[in-house]
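Quick notes on the structure that follows.
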Amino acid sequence: MLEVSATANRQAASELGTSLKTSSGSTFGRRARLAFYNKSFKLICIACAVFVCIILFSILFLMGRTGILTFQHVSPAEFFFSTEWVPENEQYGGLVFIFGTFALTALTMLIAMPLSILIAVFLAEMTPGWLRTMLRPVLDLLVGIPSVVYGFLGMTLLIPLLRDVTGTTMGDGLLAAAIVLTIMVLPTISRISDDAITAVPKKYRDASYALGATRFHTIFRVVLPAAKSGMMYAGILGMARAIGETMAVVMVIGNTPQLADSLFKPTSVLTSNIVMQIANVPFDSTWNYALYLMGFLLLIISLVMIVLIRFIQRKGVRG
Amino acid sequence: MSTNQPTVNNPFASSRKNGNRIKNVLFTTLVWGVGICTIIFIIGLLFLILEKGMPKLSFDFLIGIPDEIMEGGGIGPALFNSFYVLIISLIISIPLGMAAGIYLSEFAPDNKFIGFIRICVEGLASVPSIIFGLFGIVIFVETFDIGLTIIGGAVSLAFLNLPVLTRVTEEAMRAVPQEMKHASFALGGTHLQTIRRVLIPVALNGIITGICLVAGRAFGESAVIILTAGVTTSGEMWDFNLFSPGETLAVHLWYVQSEAIVPDATEIAEKAAAVLVFIVLLINLVFRIPLWMNNRKMSTK
Amino acid sequence: MKMKWFKTLAFTTLALAVMATAIPVASAASKLSGKIVINGSSALLPLTLQAAKEFKKANPKVKISASAAGSITGPQSVRKGIADIGAVDWDASTDVPGFKKFEGQVAHKVAVIPFAAVVNKNVGVDNLTTKQLQDIFSGKVKNWKDVGGSDAAIVVVNRAFGSGTRVNFQIKALNGTDFMSKGDNYKEVKSSGDMKTAVETTPNAIGYIDLVYVTSKMKALKINDVAPTEANVINGKYKVWGYGYYMTKGQPTGAVKAFIQYVQSKEFQNGSLKKLKFIPISAMK
């Protein structure tokens with residue numbers, strides 16, 4: 001904690017120093033001073049970047065240290081490949097949750113990504129200016145709605161609706177969770193993609209139009225490829241949030257440790273299982289360790305997914 | 001940009017022209033359709049939330065002390081804590097996040113190590129909030145033994161926000177045209193001066209978007225705060241003590257929705273949700289108005 | 001000078017924060033002072049919050065912070081030393097299904113909590129026997145027509161393992177029979193509020209909840225022909241109730257002791273506690 005505020009203060013102090021510098025006299029070498037500021041600023045920046053990594057690793061360490069204890073009692077094969085999660089009977093199979101997390105994330109991105117890109121294109125390329133200045137803050141607003149509210153709306157509006165439309169008895173399950181998640185990540189993805197599209201220099205578009213391309217062509221062949229990196233990053237952030245979201249998912253997914261063979265079967269994902277049970281298990285039990293291991297796994301899954309996407313992206317650029 | 005109408009009578013008309021035009025029209029319709037649906041959806045959602053709570057709002061509710069038995073309890077201390085926790089967490093995370101973002105976009109050589117840091121940042125962004133909460137417990141409750149406090153909640157929240165701020169800053173700085181940077185260097189500006197006087201001002205729009213996203217998320221976050229700052233307030237308004245328990249409005253909303261026994265719990269929940277949404281809108285405005293004014297000043301000059 | 005407002009803002013907030021930190025932690029002056037951290041059962045949270053509020057009025061120098069996660073968190077936090085009082089829905093100094101007892105902790109009864117089996121309004125059943133409840137919650141009976149209702153699949157809503165309500169319901173209403181843990185029409189919820197919402201909005205749903213939370217939008221079932229009312233709990237006919245406990249490490253001292261005494265006092269038990277619709281401990285024999 002002390003370290004945090006110290007870095008923050010130093011950062012502010014360096015800002016102060018640099019802004020005073022212009023008005024103070026040239027008592028000692030201006031060039032040396034500038035070089036010094038430059039260097040210390042760079043150091044501070046590096047320190048901050050490293051600090052972010054340190055946080056991640058402390059969290060990884062914390063989760064891993066506790067999680068690894070699971071394997072004292074449970075074989076890795078059982079944890080990763082068994083679907084039987086009955087901790088009361090010492091059965092700790094995590095496959096249901098791992099599968100659920102992948103399925104839910106994939107389903108969410110499948111719905112959210114095209115939709116967000118369309119919204120971003122709409123915002124950046126098609127809306128008149130006044131509508132844009134109004135819409136952007138409103139989209140940001142969706143991020144600020146507490147997940148509890150989303151969950152509550154999902155439970156009281158979405159699930160009854162799904163029940164009516166599909167004729168299932170319950171309505172809880174992957175689809176309900178994916179829809180709620182889509183609404184939650186939509187603003188993140190579309191706003192950042194929007195910024196990326198807006199940042200594409202106007203001359204690209206002018207050139208494209210001058211060559212006689214239609215708007216469709218301009219957007220698909222010129223603007224979107226140019227904004228690809230930004231959109232990719234928006235997607236990663238959105239996906240990251242979808243993987244990690246808890247409070248809303250837990251209210252609509254049903255929380256039953258069974259493999260989802262349909263979109264409407266109550267199931268469970270890593271986050272929802274952690275959140276449901278972490279407060280209710282004895283500290284020094286295999287059960288608790290298994291939950292920490294799930295948290296650790298969740299981190300690893302998202303890290304792997306990020307690396308994978310980066311890899312694909314680089315390949316795509318080369319090819 | 002939107003005023004750029006595609007040239008319909010282009011001289012390179014070929015047999016593909018018709019197909020292109022249909023595609024173009026289809027695409028435009030689709031995008032407009034999705035856009036309009038989104039607008040309707042957002043307005044509907046906001047209406048749903050605000051319509052239930054807003055009309056019943058009163059000033060007493062905003063500054064009143066919560067009540068467990070009687071109807072008519074307020075949200076005063078929780079509302080205050082929300083702002084207090086948010087401001088502290090932003091004070092911590094904005095400089096840290098921006099500095100890290102500047103490093104990634106400006107100083108970092110393009111090597112494996114940086115790729116690694118970038119993955120770390122994105123990885124941290126995907127850590128579920130409950131894990132930040134557990135992390136906060138280990139640091140503040142177990143290691144420092146200060147109990148459930150505002151400062152504990154604020155710092156954990158800052159950690160949560162850090163990666164998003166970092167990446168948004170980096171992305172915004174990268175989007176600044178290279179020409180501007182080169183021009184500054186050519187005029188003899190040092191790297192620091194270039195960043196401060198050219199890059200940050202130009203990238204400010206993107207950075208502000210990031211701050212708004214983060215502030216909104218922080219304002220609505222409950223899992224972290226429940227674990228690190230508790231579900232109580234000190235019971236009085238304007239308690240600046242960093243070591244008081246720090247229930248925020250979002251946590252209060254969670255509590256009222258899930259456990260409270262007060263007869264008007266549903267009403268309090270509706271009102272609290274409306275207030276939350278309203279404030280997030282307000283935060284967005286407050287951050288943006290200076291930007292708009294700046295833009296206007298720049299354009300009139 | 002685009003950055004000016006931004007800088008001013010940054011500095012003002014920084015200055016504010018410094019000022020705030022400078023304000024000292026309340027200095028002790030009254031006869032009773034100290035810090036009480038309470039954690040544990042969320043079902044007891046309203047009671048704890050109300051008691052804390054009243055207690056702080058009388059003893060302004062005592063700082064009380066409360067949080068809630070789940071019953072088991074209470075005694076565990078006490079054992080770890082991160083909480084002074086652990087609120088729990090069962091006597092954690094003895095063994096209960098699923099949880100071992102906590103050595104060296106003292107249990108203090110603070111309230112009587114009745115529970116009720118509840119169903120959605122559309123369910124035509126008013127009364128279930130213990131056997132029928134056991135069959136439904138263990139997944140043997142899957143259709144309402146088997147227990148005297150209309151032909152519709154039963155949707156079972158359960159609390160997560162470790163919930164105090166679940167432990168009590170399992171012991172008192174199901175005589176210890178195990179719950180089902182999966183099925184097409186089975187879900188678990190996280191809190192009393194979620195249970196309330198789920199049963200209210202899901203047709204053919206059955207669940208159980210603290211009597212306090214039963215609303216007019218759901219139906220509380222009679223169990224073995226006894227209605228879940230306060231009177232029936234006190235006269236001993238309705239068996240599905242439990243005590244709420246505060247756990248402490250050894251015998252409490254100082255502010256913690258005073259706080260627990262306050263919660264157990266006649267003044268609080270017959271006043272606020274009753275208003276919160278718990279039943280005073282003195283009412284039970």
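Proteins come first, then strands; the chains are lettered A, B, ... in the order of their sequence lines, and each starts at number 1.
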Nearest atoms (heavy-atom pairs only) where A:C48 meets B:A99:
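It is SG-CB, 3.4 Å.
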Considering all heavy atoms of both residues, which atom of B:G123 and which atom of A:L303 are nearest to each other, and what is their separation?
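Answer, listing the atom of B:G123 first, then A:L303: CA-CD2, 3.4 Å.
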Please round to the nearest 0.5 Å and tell me the distance separating atom [atom1] of [X] and atom [atom2] of [Y].
| X | Y | atom1 | atom2 | answer |
| --- | --- | --- | --- | --- |
| B:L162 | A:L56 | CG | CG | 11.0 Å |
| B:I42 | A:I183 | CD1 | CD1 | 10.5 Å |
| B:F41 | A:L186 | CZ | CG | 8.0 Å |
| B:I102 | A:I46 | CD1 | CD1 | 12.5 Å |

Distance-only, no hydrogens or angles: does the B:N24 side chain make a donor-acceptor pair with backbone N or O of A:F216 under 3.5 Å?
yes
Contact origin within [X] toward chain A - heavy atom pairs under 4.5 Å:
| X | value |
| --- | --- |
| B:V121 | both |
| B:I117 | both |
| B:L26 | neither |
| B:I49 | side chain |
| B:T28 | both |
| B:I119 | both |
| B:L46 | side chain |
| B:V168 | both |
| B:I283 | neither |
| B:L165 | neither |

Chain B contact via [X] - side chain, backbone, both or neither, heavy atoms under 4.5 Å:
| X | value |
| --- | --- |
| A:I117 | neither |
| A:I300 | neither |
| A:L135 | side chain |
| A:M239 | neither |
| A:N38 | both |
| A:S58 | both |

Shorter than 4.5 Å, heavy atoms on both sides: which option in [options] has the most such pairs with chain A?
| options | result |
| --- | --- |
| B:V164, B:L134, B:L104 | B:L134 |
| B:E221, B:R118, B:R167, B:R174 | B:R167 |
| B:I131, B:L249, B:V214 | B:I131 |

Please assess B:V31 against A:I219 for the test side chain to side chain contact (heavy atoms under 4.5 Å, CB included), listing each intermediate value before the final yes or no.
CA-CA 11 Å; B:V31 172; A:I219 290 173; over 6 Å; no
Any [X] side-chain heavy atom under 4.5 Å of [Y] side chain:
| X | Y | value |
| --- | --- | --- |
| B:E106 | A:K42 | no |
| A:F41 | B:I195 | yes |
| B:L45 | A:L153 | yes |
| A:L62 | B:F135 | yes |
| A:F122 | B:T38 | no |
| B:W254 | A:M247 | yes |
| A:V307 | B:F116 | no |
| A:I59 | B:F159 | no |

May I ask you to check whether over 12 heavy atoms, not counting those of B:F27, lie within 6.0 Å of atom CZ?
yes
Would you mind checking if A:R191 and B:E171 are paired as a salt bridge, meaning a charged N to carboxylate O distance below 4.0 Å?
no
